Structure formats: structure tokens, C-alpha cells
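Accompanying notes for the structure given below.
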Amino acid sequence: MPTRYDATPEQLAGILGDEPAYRSRQAWDGLHRRLQRPDEMTDLPVELRQRLTDSLPPALTERDRTVADDGETVKWLFELDGGARVETVLMAYPDRVTACVSSQAGCAMNCQFCATGQAGFTRQLTTGEIVEQVAVAARAALPRRLSRVVFMGMGEPLANYDRVWATIRRLHGDMGFSARHLTVSTVGLVPGIRRFAGEDLPVNLAVSLHAANDALRDELVPINRRYPLGQLAEVCAHYVETSGRRLSLEWALIDGINDRPSDAAELAAFARPLRAHVNLIPLNPTPGYLVRGTPPGAVRSFRAQLDALGVNATVRITRGSEIAAACGQLADPQRSPVTVRRGGPDPA
Ligand code: SAH
């Protein structure tokens, strides 16, 4: 049985059997445009609602929900079929509402400073499992409209390329998101970026750089040993040229590691030819990495150095750090080396 958002239009039509074709269109739009559960689709006869409810179970079982920032940040812990767990975060700002979704349960990229990487890889998410995270977040955002989706939760989206791209198509074609409001963040998988650059929707790309010399990046982001900076710069230039979009570079500022003047100079040399925008994220603490984030004064000075070198940089406002919902803090609490603090009861 497919899950609610894994069912194809054909499967939906199959479930509705000999009903007229417009019924499956109604059900599809109910799920995607109106974010309804089958039992809420009052434009369908009761019997059909029941049939859809029975045939299309949700993929996500909520195991925990924590709220921070005066209700403006919400983090869900969902259990999937087979027991894997993922997290989804909703962030409300004055001018936008953003959902941060997971594309894999765990991650195989092994970045030491990231809680997801510390816990290892469990499995790929299906398209329906990713789309349903967006649907849940969009419902919770009401009456405000979920305006952006970022693939910056657990996992490496370009290592689950086909399902992530199918998700993007669904968000764009069926849920009404403009491609410009969708962002995929990657550790820097060069073949994946090349493919991404060839797609026909101008989705934003963010590259998690963190170091702009190979020796340091080999340590911080181990996949750099396979796809070193020279190749990364080349494929980023290709993306910028073909998409016409501005590239973002993410840089988690780690005290004494990548926040020196030489780091700013190397970053500027990488970013400038790409005319990339730099997102500075003071490192958020994780259980398995005992180095701290750059203190606020040094963050300001790093930013000023980039500015002086002609690079546009902003400091990302940290959301949800007290509920371990901030960048790099998402982890399955059953698998992470040290259990993160949670607000809700332990379901296990
Ligand atoms: N795998 C993708 C998607 C994860 S996005 C990627 O690497 O881009 C999560 C972002 O948070 C990435 O830029 C990641 O490098 C960054 N991040 C990871 N751990 C962090 C931490 N402890 N503090 C701040 N940012 C972190």
C-alpha cells in the first residue's frame, strides 16, 4: 500500500475504481493544494473519503514535537515505516515562513561537526515521505502560507537525487511553490550539482563550503577528498551560468578553526569569481564535536573582512538551538552518541 503522498495519480485513480476521473483530481488537489486528510475532503462522498483513508496511510508518525522562539520555531520528530526517524523544522519570520525538511534518515557524509553525520546513515526517504513533511509543516503554518522549503534537514539531498527532484516537481507543480522559493543544500557532490544545473526549474543551490583550502576541507567535510575544491568551483560556475541564479555558500564558523583572517581571504577568493552570497552560521553545539562556535564579536569581524574583500555575507539567525533544531543539530535521538534534550515525553 503506498503512503498518502507516495501514491501516484494513477494509483489514486485505481483506489477510486470506476468513479469519474474528476474524483481522483479532487482527491489529488485535496492532498496537495488544500493539504487535507482524506476524511476532510468534504467535496467527496463519505464512502470515497473512507476508502481513501483506508488505502492511503500517512508515512509519518509524530513521535515528538517541540516548540521554541515563542512558538515561531517548531521541530517534529517523525517515525517512518521500518522505525527510522527524521526531523522537520518550521520557522516563522515576519516576512516568510520556511520549512526545513530531511531527505535521508541519517547521513553518510560524515562531517564531524554535524549531529546527523555523527549518527551515520539509515536509509533514503521516499518522495512521499519528503512531500508529507512539507504538507505537515504547511498545515501547522496556517493561517500563514508556507512560503519556502529548504532541503537542509537530515541527509544529503543530492545523494537521494531522483526522489528529491521528484519532490521538487511535486512542490512546484502540485503544491504551488515557485522554484525560486526552494533551496537545496549540498555538501558538494560534484556530479549531483552538474545534473542539478541541467534541470529545467531554477531552484536555489547552497553549497556547504566551511573551508576553502583542501587540507582543512578534507578534515571538516570528508567528501572533499573525492571532490576537491577545484572541481567544486568549476561545477559551481557551471550552475551559476546555466541557472542564472545566485549561489549561496554556507560557512559554519568554528572558533579557531576556520575563522582566521587567512580563512576569510581563502573564502573570498573562492566566492568572488562565482559572485556567490555567503551565509555565515556560528557553529551550533553537537554532542560529538567538542569545539565551539565563533563568538559574536569575531563573527562580526569575519563578516567585515569578507565585506572588505568584496564578498556579500550575512549571518544566519540561529533558530531553535535550545530544542536542538538548529543547523547541524538534527539527529535521531535513539542513534546519536549522546541523547539530545527534548521537550516532550520519550515515546520509546
Ligand atoms: N547535507 C546537506 C544538507 C544539510 S544542511 C549539506 O551539507 O549542505 C545543514 C547545514 O548546516 C549545512 O550547511 C551544514 O554544513 C550545516 N551544519 C552542520 N552542522 C552544523 C553545526 N553544528 N553548526 C552549524 N551549522 C552546521
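When a residue number appears, it is its place in the shown sequence, counting from 1. Computed from a predicted structure; not experimentally measured. Atoms within each ligand, like the ligands themselves, are counted from 1 in listed order. Because only heavy atoms are used, hydrogens play no part in the values below, and waters and symmetry mates are left out as well, while side chains stay in.
- Contact check on R217 versus D214 returns no salt bridge, with no Lys/Arg side-chain nitrogen under 4.0 Å from an Asp/Glu carboxylate oxygen.
- Residues L44 and Y5 share a single hydrophobic cluster, defined by chaining ILVMFWY side chains whose heavy atoms lie under 4.5 Å apart.
- Each of the following atoms of ligand 1 lies closer than 4.0 Å to a heavy atom of S208: 6 (C), 7 (O), 8 (O), 12 (C), 13 (O), 14 (C), 15 (O).
- Remark: among candidates S248, A206, G155, S321, the nearest residue to atom 3 (C) of ligand 1 is G155, based on non-hydrogen atoms.
- Below 3.5 Å of separation, one finds an N or O of E250 facing an N or O of ligand 1.
- No donor-acceptor pair under 3.5 Å is formed between the side chain of E199 and the backbone N or O of F196.
- Listed by number with element, the atoms of ligand 1 under 4.0 Å from a non-hydrogen atom of C327 are 11 (O), 20 (C), 21 (C), 22 (N), 23 (N), 24 (C), 25 (N), 26 (C).
- Atom CD of Q124 is separated from atom CG of N160 by 3.5 Å, given to the nearest 0.5 angstrom.
- Look at D162 and R195 and you find a salt bridge, because one of the NZ, NE, NH1 or NH2 atoms lies within 4.0 Å of a carboxylate O, short of that distance.
- With hydrogens left out, the protein atom closest to atom 19 (N) of ligand 1 is G328 CA, 3.0 Å, a heavy atom.
- For ligand 1, the atoms lying closer than 4.0 Å to a non-hydrogen atom of V187 are 6 (C), 7 (O), 8 (O).
- Backbone and side-chain nitrogen or oxygen atoms of G153 are examined, and none is located within less than 3.5 angstrom of a nitrogen or oxygen of ligand 1.
- At a threshold of 4.0 Å, the pair R163-E129 does not count as salt-bridged, since none of the basic side-chain nitrogens sits closer than that to a carboxylate oxygen.
- Below 3.5 Å of separation, one finds no N or O of T286 facing any N or O of ligand 1.
- V315 and V150 are assigned to two separate hydrophobic clusters, defined by single-linkage of ILVMFWY side chains at heavy-atom distances under 4.5 Å.
- A salt bridge does not link D39 with R49: none of the charged nitrogens is closer than 4.0 Å to a carboxylate oxygen.
- Taking every non-hydrogen atom of N284 and a distance limit under 4.0 Å, the qualifying atoms of ligand 1 come out as 21 (C), 22 (N), 23 (N), 24 (C).
- Using a 4.0 Å cut-off between heavy atoms, T186 contacts ligand 1 through its backbone alone, with no side-chain atom that close.
- The pair D259-R303 fails the salt-bridge criterion, with no side-chain N (NZ, NE, NH1 or NH2) lying under 4.0 Å from an Asp/Glu carboxylate O.
- Between F113 and ligand 1, a contact under 3.5 Å exists for at least one N or O pair.
- Close approach of ligand 1 to M152 (heavy-atom distance below 4.0 Å) involves ligand atoms 4 (C), 5 (S), 9 (C).
- Comparing H210, Q112, E156 by heavy-atom distance to atom 14 (C) of ligand 1, the nearest is H210.
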